[in-house]
Amino acid sequence: MPEKKQDVFNDKMRRYNFTAVEKKWQTIWEEEEAFETKADYSMPKFYALVEFPYPSGQGLHLGHPRPYTALDIVARKRRLEGYNVLFPMGWDAFGLPTENYAIAQGIHPAIVTKENIAHFKEQLHSIGYSFNWSREVDTTDPGYYKWTQWIFLMLFRHGLAYKKEFPINFCPSCKVGLANEEVVDGKCERCGAEVTRKVKNQWMLRITDYAQRLLDDLETVDFVERVKVSQANWIGRSEGADISFPIENTSAQLNVYTTRPDTIYGATYMAIAPEHPLIDEYIADIKNSGEVLEYRSLSQNKSDFERTEMAQSKTGVKLDGLLAYNPISEELIPIYATDYVLMTYGTGAIMAVPAHDERDYEFAKKYGIPIREVISGGDISEAAYTQMQGSVCINSPLIDGLSADEGKEKMIEILEERKIGQRKVNFKLRDWVFSRQRYWGEPIPLIYCEDCGWVEVPESELPLQLPAVDNYRQTDDGDSPLSLMPEWYNTTCPKCGKPAVRETDTMPQWAGSSWYFLRYTDPRNESALAGKEALAYWMNVDWYNGGMEHTTLHLLYSRFWHKFLFDLGIVDTPEPYAKRTSHGMILGTDNQKMSKSRGNVINPDEVIGEYGADTLRMFEMFVGDFEKTAPWNADSVKGCKRFIDRVYAMQDFLVSGDGYSDELAGLMHSLIKKVSYDFENLKFNTAIAAMMKAANEIYKAGSITRGELRDFLILLNPVAPHVTEEIWQEAGYAGRLYEAKWPEYDESKLSENYIEIPIQINGKVRAKANVPADASEEDVALIVRENEAVTSYIEGKAIEKEVYVAGRIYSFVLKQ
RNA sequence: GCGGAUAUGGCGGAAUUGGCAGACGCACCAGACUUAGGAUCUGGCGCCCAAAAGCAUGGAGGUUCGAGUCCUCUUAUCCGCACCA
């Protein structure tokens, strides 16, 4: 050991060349297949999953490494704990940017994709992740999308895929259909033209059939609360009743859905969507039909954006000549067409209760419709009163005096008895629009035959490959480029053999990512999406981390597909993911989202070049609470680099001894406990802080035993795998660090013999006392009284109360 | 508008879930070692103050021996969804 500690750090300071060292270990790990899964299915397994990236042309940005490093830490820890770990990576490579690049440059998207993947892969390698590269998947690989298509066929065969007219966003200037994310403020992202709606015949998936199960099973999984809440809100279950209102002087009934049957006496008008078929049916009876039809076409031409823009002020038009009959209040009430009622939810018609619904209130005020209070508790001259809790039904002869909740139940019973309505559950969740009029996606494996209708492409012909095209652009009508290729789409009907045509739409980007976690379990299987045994062993995903932005799309879609495959008996579990966590975004140094246009993007390659991969990994974890957004701070990165250098230099005070020294034993045991706990609970920042603090203590102590350094290196290894592996080798420990065993701590050795407890007098800390850790309350009371500061405070004053919280605090309350 | 979060030093952030507010890091200050320092080591560092005391977790109240943490009200910011009957 050197005489003076600082001597070590002058010219003699031990340093290492992180670039060379990191490269060295990455090569060794690869050669030794250090992180590959074991074929031994008797081992306990752990499946860690991060969302596979879209390989964009820009390469990785600083946001990518945050979740990857987090689960890499967990995966590495699990391996050290003796688990067989599956930690795969792949590419969600179908998508718009690549396609747009292809359109602009005329280069086949497959070629661009290949280049981008190579770049991404190299970057990921340079960060030292322990991914199972032998299991890499690529959604654009025909060997992969064969099974995406196969799952679609199964959905079709089981009646979960159907075709329907559906409006899409269309840019009249670019003449292309746009995804929602390409529409910014109602304008085309590229050319800025106003986006309109265009009705297309689209494939839809019946995710709504699974709405109840998708909601119920949230109870069975360990997802962070905010994810569960968003999914539940998105599914949007509500309970109410369908009720029929006869139309006077006709045989028609107007069916409505309401969650508030208890307010039916307050229904003073009916409101229907402008598209509602009632208008067409009784157009002859509507005196102002011209006005009504004009209103309809006006609202139909509005884009979604305009419609929400207009939400400020409600508009509508009364159907002159038609009146509805309220079957409970036995009154005749007017009917309005208005676009605040949506054709796509419920029945497209509502009973409007202005007194107890804010929208109806606003509408009734504007059009001078009576507002009748039927639930007490509010002031309806001011605003609609919508509370149910603690409210009582009034002006409602059949349910007067009941609470709103009871009134609702009672009214549903009455409606069912009289056969004018029934209990009904509704969901906000819509079916999934599954076709895209694009090139760069999985072709939908269906054929249309004049005689047989839609017919499956035979399974033996899968994958149905994307053909080479001359032009990747949509037609002026917004159809897929495949629709310009008669040589591809003309075929024969697999059923009857007559001439028939292929579907030219492709699948959305969400398709490939809806089941990729299954493919990782057995990625090269050619006869099934994955082998039974592999699925049984590896599923469920034990821990899945991903962005909040995928909560209501990818996460819900993949749960849906998984449940469908479960129903078919292909997978054994009703849910794919046992646990889901979410990371916060990394912002630029200006506290803004990193983006090319803001010019605040930092490339991870720069950080690796200047400080090394271990430092990048550590800082990504140290920057703040994993679940919160955090701004990148280029200066703070240095702190992590310094710490790593200090750890490297610890070898200079290495002394013999496989165990812990008396001086550091308590520190080591509590460090093992802290780090083990924090790594499991997304508290990477405090785990690193604890290791930094421990390093400071070790420097103060001036020596470290071989046993202490060994365990310290193992704890730090998941965060900084290269440097720890290097020290392991240089210091002469046996074997590889990646094969070491995660240390255990001894609870009895955590605490010191003596502990310092603060003494409060009237709520303020005035003194501290050292007491034996195992002292009784009586003992502590005596020790505390010996303290001079305490005696000076309590002398001559009456003690009103004394509180001792064992090991924490001693508190006196004095009479003032 | 609805839903979800967040607010703590100059900065990023800690706080065993009601028990010493500011761990750890950055920046800064002083000293050491240096031909040199964008290296390293040692120490300091919430505000106010000579010190003692006092004041401090967006703001205002409250509960408690004790509140960043619990309750009520309020302000600001961020994210998601947009008339879901």
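All heavy atoms count here, side chains included; hydrogens, waters and symmetry mates do not. Per chain, numbering begins at 1; letters A, B, ... match sequence-line order.
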(request) Take atom P in rA67(B) and the same atom in rA60(B), then report the distance between them in whole Å. (result) 15 Å
(request) For rC29(B) and rG22(B), measure between their P atoms and round to the nearest Å. (result) 24 Å
Over all strands shown, is [X] touching base, sugar-phosphate only, or nothing at heavy-atom distances under 4.0 angstrom?
{"X": "Asp625(A)", "answer": "sugar-phosphate"}
{"X": "Thr629(A)", "answer": "sugar-phosphate"}
{"X": "Arg237(A)", "answer": "nothing"}
{"X": "Thr344(A)", "answer": "nothing"}

(message) For nucleotides 19-29 of chain B, give me one character per nucleotide, 5' to 3': B if any protein heavy atom sits under 4.0 Å from the base, S if the only such contacts are to the sugar-phosphate, - if neither.
(response) BB--BBBSS--
Candidate nucleotides [options], ranked by approach to the side chain of [X] - the nearest:
{"X": "Thr258(A)", "options": "rG13(B), rA85(B), rG4(B)", "value": "rA85(B)"}
{"X": "Tyr340(A)", "options": "rC65(B), rC83(B), rG13(B)", "value": "rC83(B)"}
{"X": "Lys700(A)", "options": "rG43(B), rG13(B), rC83(B)", "value": "rG43(B)"}

(message) From CG of Leu587(A) over to P of rC79(B), roughly how many Å is that when rounded to an integer?
(response) 10 Å
(request) May I ask you to establish whether Lys314(A) and Tyr340(A) are in a cation-pi arrangement, using a distance under 6.0 Å from NZ or CZ to the six-membered ring centre and at most 45° from the ring axis? (result) yes
(request) Return one dot-bracket line describing RNA chain B 5' to 3' (Watson-Crick or G-U wobble pairs, both distances under 3.5 Å; ( ) same strand, [ ] crossing, | another strand, . none). (result) (((((((..(((......[....))).(((((.......))))).((......))..(((((..]....))))))))))))....
(request) Starting from the 5' end of RNA chain B, give me the residue, Tyr257(A) or Gly763(A), whose nearest nucleotide shows up first. (result) Gly763(A)
